[in-house]
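Here the structure comes first, spelled out in structure tokens, and everything after it is commentary.
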Amino acid sequence: MQISPLREIANELPFFKTVDDREKLLGVIGALVLRRISLSKASEIMGMERERFLGLLDGMKLGYSYLEDQDVEMERKW
């Protein structure tokens, strides 16, 4: 039986104990980046407090912002 590409990636993640939780994390991050869910909803799905989930994103070096590119550029100049 062949392993799905998503499961292969999930197997390599050092986060969470089960592959199912790792796959869920990949889906949640994808939905968050695509702005399909809010940060609050993402942390709820993962069963984590919002601040803890933010810490996880930070630990993964995953930038998170709902700002548009031009807003980010303007914010950098402040």
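By convention here, the first residue in the shown sequence is residue 1. Both backbone and side-chain heavy atoms feed into the values below; hydrogens, waters and symmetry mates do not. Being a predicted model, the structure only gives us computed values, none of them experimental.
- Note: D21 CG to L26 CG = 11.0 Å, rounded to the nearest 0.5 Å.
- Within the 4.5 Å cutoff, side-chain heavy atoms of L32 are placed close to those of F53.
- For K24, the side chain to side chain donor-acceptor pair (under 3.5 Å) test picks out no residue, with sequence neighbours left out.
- Atom CD1 in I29 sits 11.5 Å away from atom CG in L34 (nearest 0.5 Å).
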What pairs of donor and acceptor atoms, side-chain ones from residues 42-51 against any protein atom, are under 3.5 angstrom apart with sequence neighbours left out?
residue	atom	partner	partner atom	Å
S43	OG	L39	O	3.2
S43	OG	S40	O	2.9
E44	OE2	K41	NZ	3.3

